[in-house]
Amino acid sequence: MEIFQALRKDHEKQRLLMKILVETSGDTETRRAYFSELKEQLSQHAVAEERHFYSPLMESDKTIEDSRHGIAEHHEIDELVEKLDNTEMSSSAWLHHMKSLQDLVLHHLDEEESEFFQHANKVLSHKQQDQLANDYQKEMQQA
């Protein structure tokens with residue numbers, strides 16, 4: 001498996017969790033469980049992705065800007081998650097913030113998959129892509 005496939009697999013989990021969350025309402029056990037899972041998934045993914053995808057790409061002039069941009073978006077995502085944590089789940093503001101998070105994360109994932117991956121494919125050898133995928137998956141399993 002190459003790094004792109006490993007990342008896409010987790011991107012799909014994130015998309016599904018957000019889709020479910022924006023369809024929930026109120027301060028329910030279900031909403032809390034899905035939100036907790038989303039937070040964990042986003043956090044673990046960001047750390048592992050920065051370490052095993054963005055970091056190696058920082059070494060190339062061709063992909064350093066993509067890497068910086070992706071890491072900056074991770075910080076924006078973290079800030080929105082924190083805002084959600086500090087908002088009552090039963091309030092309409094929580095759903096508004098959740099939809100903002102969904103928009104930001106979907107933008108980030110789409111940008112990675114439609115642009116960054118193509119740039120990275122030109123910089124990383126197949127062997128590097130396989131090794132990065134192994135390292136990424138190992139870290140995600142340990143988390």
Side-chain angles (χ1 to χ4, degrees), residues 1-25 28-89 91-143:
M1 179 180 287
E2 295 174 342
I3 187 65
F4 312 116
Q5 295 163 312
L7 294 173
R8 272 191 185 100
K9 185 176 145 197
D10 285 340
H11 290 175
E12 287 308 311
K13 288 179 194 171
Q14 294 166 19
R15 285 182 175 105
L16 179 60
L17 287 167
M18 290 183 301
K19 182 180 184 305
I20 291 168
L21 273 163
V22 298
E23 294 172 0
T24 63
S25 62
T28 64
E29 211 173 295
T30 301
R31 183 182 258 188
R32 285 190 176 281
Y34 280 118
F35 183 57
S36 178
E37 189 175 343
L38 177 65
K39 286 192 312 184
E40 189 174 307
Q41 180 64 224
L42 290 172
S43 175
Q44 292 170 354
H45 174 78
V47 169
E49 183 175 60
E50 288 174 17
R51 189 171 290 143
H52 303 293
F53 184 62
Y54 288 135
S55 182
L57 293 174
M58 290 276 224
E59 297 173 18
S60 171
D61 290 342
K62 294 177 183 177
T63 51
I64 194 168
E65 286 306 314
D66 287 345
S67 298
R68 288 180 177 160
H69 181 76
I71 290 168
E73 286 185 345
H74 283 173
H75 290 292
E76 291 175 39
I77 290 166
D78 289 344
E79 289 171 2
L80 265 175
V81 168
E82 186 175 339
K83 187 180 276 190
L84 277 159
D85 266 337
N86 295 322
T87 304
E88 285 293 321
M89 270 193 179
S91 75
S92 60
W94 193 91
L95 187 57
H96 172 76
H97 296 320
M98 183 60 225
K99 287 180 179 178
S100 295
L101 177 64
Q102 182 183 36
D103 290 344
L104 178 59
V105 172
L106 290 177
H107 161 81
H108 175 73
L109 302 181
D110 291 344
E111 195 170 52
E112 276 186 350
E113 293 172 359
S114 67
E115 296 175 33
F116 297 1
F117 285 8
Q118 284 69 27
H119 300 163
N121 192 40
K122 294 175 184 172
V123 171
L124 301 170
S125 71
H126 287 293
K127 185 177 180 179
Q128 285 174 304
Q129 291 173 27
D130 290 339
Q131 185 59 53
L132 290 172
N134 288 337
D135 295 343
Y136 170 83
Q137 289 175 315
K138 195 177 295 178
E139 181 164 339
M140 289 299 286
Q141 288 171 354
Q142 291 172 351

Which distance, rounded to the nearest 0.5 Å, do you find between the [atom1] of [X] and the [atom2] of [Y]?
| X | Y | atom1 | atom2 | result |
| --- | --- | --- | --- | --- |
| F4 | H11 | CZ | NE2 | 11.5 Å |
| L7 | F117 | CG | CZ | 4.5 Å |
| I77 | L109 | CD1 | CG | 7.0 Å |
| L38 | L42 | CG | CG | 4.0 Å |

Without placing hydrogens or testing angles, list every side-chain donor-acceptor pair under 3.5 Å for residues 92-107, not counting sequence neighbours.
| residue | atom | partner | partner atom | Å |
| --- | --- | --- | --- | --- |
| W94 | NE1 | L84 | O | 3.4 |
| S100 | OG | H96 | O | 3.2 |
| H107 | NE2 | E73 | OE2 | 3.0 |

### Task
Taking the side chain as every heavy atom from C-beta outward, state whether H75 and I71 have any pair of such atoms under 4.5 Å apart.
yes
Can you list everything that forms a side chain to side chain contact (heavy atoms under 4.5 Å, CB included) with [X]? Sequence neighbours excluded, please.
| X | answer |
| --- | --- |
| V123 | L57, S60, K62, T63 |
| E88 | S90, S91 |
| Q128 | L124, S125 |

Which residues share a side chain to side chain donor-acceptor pair (under 3.5 Å) with [X], sequence neighbours left out:
| X | value |
| --- | --- |
| K39 | D85 |
| D78 | none |
| E82 | none |

#### Entry: Check ion pair E29-R32 (N to O, under 4.0 angstrom)
no
### Message
Taking salt bridge (charged side-chain N to carboxylate O under 4.0 Å, His left out) as the definition, give me every residue that meets it alongside K19, ordered by chain and number, with sequence neighbours left out.
### Response
E23
### Task
Identify, with sequence neighbours excluded, every residue that meets salt bridge (charged side-chain N to carboxylate O under 4.0 Å, His left out) alongside E79.
none
### Query
Among pairs that include at least one residue of residues 119-143, which meet ring pair (Phe, Tyr, Trp, His ring centres under 6.0 Å), considering only residues two or more places apart or in two chains?
H45-Y136
### Query
Got more than 12 heavy atoms from elsewhere within 6.0 Å of CG, D61?
no
### Message
Around atom OH of Y34, are there more than 12 heavy atoms from other residues, nucleotides or ligands closer than 6.0 Å?
### Response
no
### Query
So which pairs with a foot in residues 122-143 pass salt bridge (Lys or Arg N to Asp or Glu O under 4.0 Å), sequence neighbours left out?
R51-E139
### Task
Can you run down the salt bridge (Lys or Arg N to Asp or Glu O under 4.0 Å) pairs that involve residues 109-120, sequence neighbours left out, and say none if there aren't any?
R15-D110, R15-E113
### Query
Among H69, E49, R68, whose side chain to side chain contact (heavy atoms under 4.5 Å, CB included) with Y54 holds?
E49
